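In what follows, a structure is listed as structure tokens, so that the remarks can point back to it.
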Amino acid sequence: MEIEKSITTAVIEAISHLYGQAVSEKEIQLQKTKKEFEGHLTLVVFPFLKISRKKPEETAQEIGAYLKSAVPDIIAGFNVIKGFLNLTVASGSWIKLLENIHGNEHYGLTAATDASPLVMIEYSSPNTNKPLHLGHVRNNLLGAALANVMAANGNRVVKTNIVNDRGIHICKSMLAWLKYGNGATPESTGIKGDHLIGDYYVAFDKHYKEEIKALMEKGMSEEEAKNEAPLIKEAREMLVKWEQNDPEVRALWRKMNEWVYAGFDVTYKALGVSFDKIYYESDTYLEGKEKVMEGLEKGFFFRKEDGSVWADLTKEGLDEKLLLRSDGTSVYMTQDIGTAKLRFQDYPIDKMIYVVGNEQNYHFQVLSILLDKLGFEWGKDLVHFSYGMVELPNGKMKSREGTVVDADDLIEEMISTARKMSEDKINKLTDLTEDEANEIARIVGLGALKYFILKVDARKNMLFNPAESIDFNGNTGPFIQYTYARIRSILRKAAEAGINIPAQLPHDTELSEKEISLIQLMTDFASVVKQAGNDYNPSCIANYCYDLVKEYNQFYHDFSILHEEDENKKLVRLALSANVGKIVRTGMGLLGIEVPERM
């Protein structure tokens, strides 16, 4: 921030003047003063003792006295604790900082240029045999937030999705629909397409289990029964027909997939998630087989006696990895190689980020090595944004058994709960229409869901508690949203009273420590956004927004704003409020969370 730059320059001058030696910016260590001490910024003096040849306290005292004398408009006072010089920054400098923040509508963000690195982020990766569930919700919210964070750090970003639209699991849903569906469609049943297909996936499993049980009663082992059950045999036959481009099977596959995609689109829209480009495994797996064969010819891979193709990664400390089965069919790794090939043809990617659960850590370790061997420039440095499992208080989810926590149901429940819990607040807004009240409930419900998931470090497993997430107190989305709405209310009242915040604020206004603390926290926003990008960690933005709002609420409780008699103080406090609101809106926006104007 500007204050730190100015102090750094002044310290370099102080050491040159006091001790006749030059020091570099790197040697100047400034940090926030610890709360138990007086001051705002602390200079670590120990690196200068060889130059000063004096005790730490004496050196700190001399530098402090010089700074107060040389830059009184920046340094209002100082105190020394051993080798630490605690500096009190003058109110005018903080007001200038606030002024700078106020004048920058995109404060904390870095715009991309045509020369910026191109970062591609893959997330969502659904199967077309079932609707999106709670695990997908975490994936989508993390992916979308990470894309926003990378863009906020000056990168060009492409958001992609790879849809798993082929394989035995897809055939299971198709076969069950043929057998038990009686021609049902989303239109004829009134059921969302992805849910309809998911129902038949569950139906397949139910009937398949019945067949296994019947065969085991006739004396088969469980393993034999699983392989000999008529349903699984038919599903395998259907997959072979699909691979052979059978027109009937392909037509049914296309029709049912279209139902699913229409359903997915509704869920994505509700979550506020979008993609620039969608890839389909049915297109990419053949590209992957071609690339693997190319690697085989070049000697990167080897073929076993049964005809299967493998990569030997023992030199890299890993094992041998299957790339093509003996019958020539592909595995997930093959598909990922094919997808990489298509993406690299479509975009000049500088960095590739895969948002995939931590159970796939080994897969991406291997993929990175294979892509590097195959000549993809970004292969070696691909990022696996690995995240933990998300569970509900009542345990895990299993889609085959139909006990999955459905994303649509969850969204609906969150909005409904938000409506109930914010009833008293919304009812106070007497001029609200029903549509406006419903819109506030939507913003609050989804804000609660998104914030609760995104405030947790992605690498950790987490427990999602819907009731806890929607609390209007504590580290929650609704608490932050309510504070934003309060700020907007203050600013509306100021505008109604004819008070406008000027571009130049009154610099001679004396600030309280609470106001300085708030400005100092606001200045951290840019570095928090940068840290979130460097660490691939949206949670630090979420928790920063909470800290800022908590600090603002203490200020709001302790100080009058609109009823302040000193006009200069009133203007500064309104500017403080407006810019806390702006930063909260920006920060929450990076997380994909809306903030309501009223609440």
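Everything numeric here is computed off the predicted structure, so don't read it as measured data.
Atoms CG and CG, on Leu252 and Leu175 in that order, are 9.5 Å from each other to the nearest 0.5 Å. To the nearest 0.5 Å, atoms OG (Ser469) and CG (Asn475) are separated by 11.5 Å. Here the NZ-NZ distance, from Lys341 to Lys291, works out to 6.0 Å after rounding to the nearest 0.5 Å. To the nearest 0.5 Å, atoms CE (Met588) and CG (Leu454) are separated by 9.5 Å. Annotation: the span from Phe301 atom CZ to Leu322 atom CG amounts to 11.5 Å, rounded to 0.5 Å. Here the CG atom belonging to Leu296 is positioned 12.0 Å from the NZ atom belonging to Lys298, to the nearest 0.5 angstrom.
Each of Thr128, Asn127, Asn129 was checked for a side-chain hydrogen bond (donor to acceptor under 3.5 Å, both in side chains) with Asn164, and the lone residue meeting it is Asn127. Residue Glu594 is tested with Arg442, Lys450, Gln481 for a side-chain hydrogen bond (donor to acceptor under 3.5 Å, both in side chains); the sole match is Arg442. Looking at Asn139, Leu134, Val456 one by one, the single match for side-chain contact (heavy atoms from CB on, under 4.5 Å) with Val390 turns out to be Leu134.
Geometrically, Lys289 does not engage Tyr285 in a cation-pi contact defined by less than 6.0 Å to the ring centre and at most 45° from the axis. Judged by a 6.0 Å distance limit and a 45° cone about the ring axis, Arg303 is not positioned over the six-membered ring of Trp310.
The minimum heavy-atom distance linking Tyr268 with Pro126 is given by the pair OH-CG, 3.6 Å. Summarising the geometry of Ala458 relative to Phe385, their closest heavy-atom pair is CB-CZ, 3.7 Å, with the distance given to 0.1 Å. The minimum heavy-atom distance linking Cys545 with Val584 is given by the pair SG-O, 4.5 Å. For the residue pair Thr267 and Ala407, the shortest heavy atom distance occurs at CG2-CB, 4.0 Å. Contact record, Leu118 with Pro348: CD2-O, 3.6 Å, taken as the closest heavy-atom pair. Of all non-hydrogen atoms in Asp165 and Glu281, the two that sit nearest each other are OD1-N, 3.3 Å.
Using a 30° and 60° split on the angle between ring planes, Phe344 and Trp378 fall in the tilted class, from 30° to 60°. Between Tyr354 and Phe364, the two ring planes are tilted [angle within 30° to 60°]. Tyr180 and His207 have parallel rings, their planes meeting at less than 30° on a 0 to 90° scale where 60° marks the start of perpendicular. Between Tyr123 and Phe275, the ring-plane angle classifies as tilted under the 30° and 60° cut-offs.
Side-chain atoms of Ser188 do not come within 3.5 Å of backbone N or O of Ala184 as any donor-acceptor pair. A donor-acceptor contact shorter than 3.5 Å links the side chain of Asn461 to the backbone of Met389. Judged purely by atom type and a 3.5 angstrom limit, Asn148 uses its side chain to pair as donor or acceptor with the backbone of Leu590. Between the side chain of Ser308 and the main chain of Leu324, no donor-acceptor pair closer than 3.5 Å is present. No donor-acceptor distance shorter than 3.5 angstrom exists from the side chain of Tyr387 to the backbone of Val355, with no hydrogens or angles considered. In this structure a side-chain-to-backbone donor-acceptor pair under 3.5 Å is present from Lys192 to Gly263. For Thr476 (side chain) and Ile470 (main-chain N/O), no donor-acceptor pair under 3.5 Å exists by modelled atom type. Judged by distance alone, the side chain of Trp242 and the main-chain N or O of Ile168 form no donor-acceptor pair under 3.5 Å.
Side chain to side chain, Asp276 and Tyr347 fail the donor-acceptor criterion of an N or O pair below 3.5 Å. Asp457 and Asn537 share no donor-acceptor pair across their side chains, judged by distance under 3.5 Å alone. Side-chain polar atoms of Asn155 and Ser116 form no donor-acceptor pair below 3.5 angstrom. Between the side chains of Asn358 and Arg459, no donor-acceptor pair of N or O atoms lies under 3.5 Å.
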Test side chain to side chain contact (heavy atoms under 4.5 Å, CB included) on Met256 and Trp177; report intermediate values, then the result.
CA-CA 9 Å; Met256 291 177 72; Trp177 182 82; 3.5 Å; yes
Dump the intermediate steps for side chain to side chain contact (heavy atoms under 4.5 Å, CB included) on Val529 and Asn153, then the final yes or no.
CA-CA 7 Å; Val529 171; Asn153 277 286; 3.9 Å; yes
Between Arg236 and Asn227, does a side chain to side chain contact (heavy atoms under 4.5 Å, CB included) hold up when you go through it step by step?
CA-CA 10 Å; Arg236 286 181 189 136; Asn227 283 318; 3.1 Å; yes
CA sep, side-chain torsions, deciding dist, call: Tyr279, Asp346, side chain to side chain contact (heavy atoms under 4.5 Å, CB included):
CA-CA 11 Å; Tyr279 293 88; Asp346 293 342; 2.7 Å; yes
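Looking at heavy atoms from C-beta onward, Met414 lies out of side-chain contact with Leu446 at the 4.5 angstrom threshold. Put simply, the side chain of Thr523 reaches to within 4.5 Å of the side chain of Tyr107, judged on heavy atoms. A heavy-atom distance below 4.5 Å is found between the side chains of Glu316 and Lys373. Residues Leu342 and Gln345 meet the side-chain proximity criterion, which asks for heavy atoms closer than 4.5 Å. Counting heavy atoms from C-beta on, the side chains of Ile162 and Gln335 come closer than 4.5 Å. In this structure, Tyr536 and Met150 have side chains that are in contact, with non-hydrogen atoms separated by less than 4.5 Å. Side chains of Leu449 and Phe464 form a contact here, defined as non-hydrogen atoms less than 4.5 Å apart. Using a 4.5 Å heavy-atom threshold, the side chains of His363 and Val356 count as separate.
Counting heavy atoms of neighbouring residues, nucleotides and ligands inside a 6.0 Å radius, atom NZ of Lys304 exceeds 12 of them. When the shell of 6.0 Å around CD of Glu187 is examined, it contains more than 12 heavy atoms from other residues, nucleotides or ligands. For Lys351, the NZ atom is densely surrounded, since the number of other residues' heavy atoms within 6.0 Å is greater than 12. Atom CD of Glu210 sits in a crowded spot, with more than 12 heavy atoms from other residues, nucleotides or ligands closer than 6.0 Å. More than 12 heavy-atom neighbours from other residues, nucleotides or ligands sit within 6.0 angstrom of CD on Glu359.
Ion pairing of Glu243 with Arg166 is present here, as a side-chain N (NZ or NE/NH1/NH2) and a carboxylate O approach within less than 4.0 Å. Using a 4.0 Å cut-off between a side-chain N of Lys or Arg and a carboxylate O of Asp or Glu, Arg585 and Glu105 qualify as a salt bridge. A salt bridge links Asp205 to Lys209: at least one charged side-chain nitrogen sits closer than 4.0 Å to a carboxylate oxygen. Between Glu222 and Lys226, at least one side-chain nitrogen of the basic residue sits less than 4.0 Å from a carboxylate oxygen of the acidic one, meeting the salt-bridge criterion.
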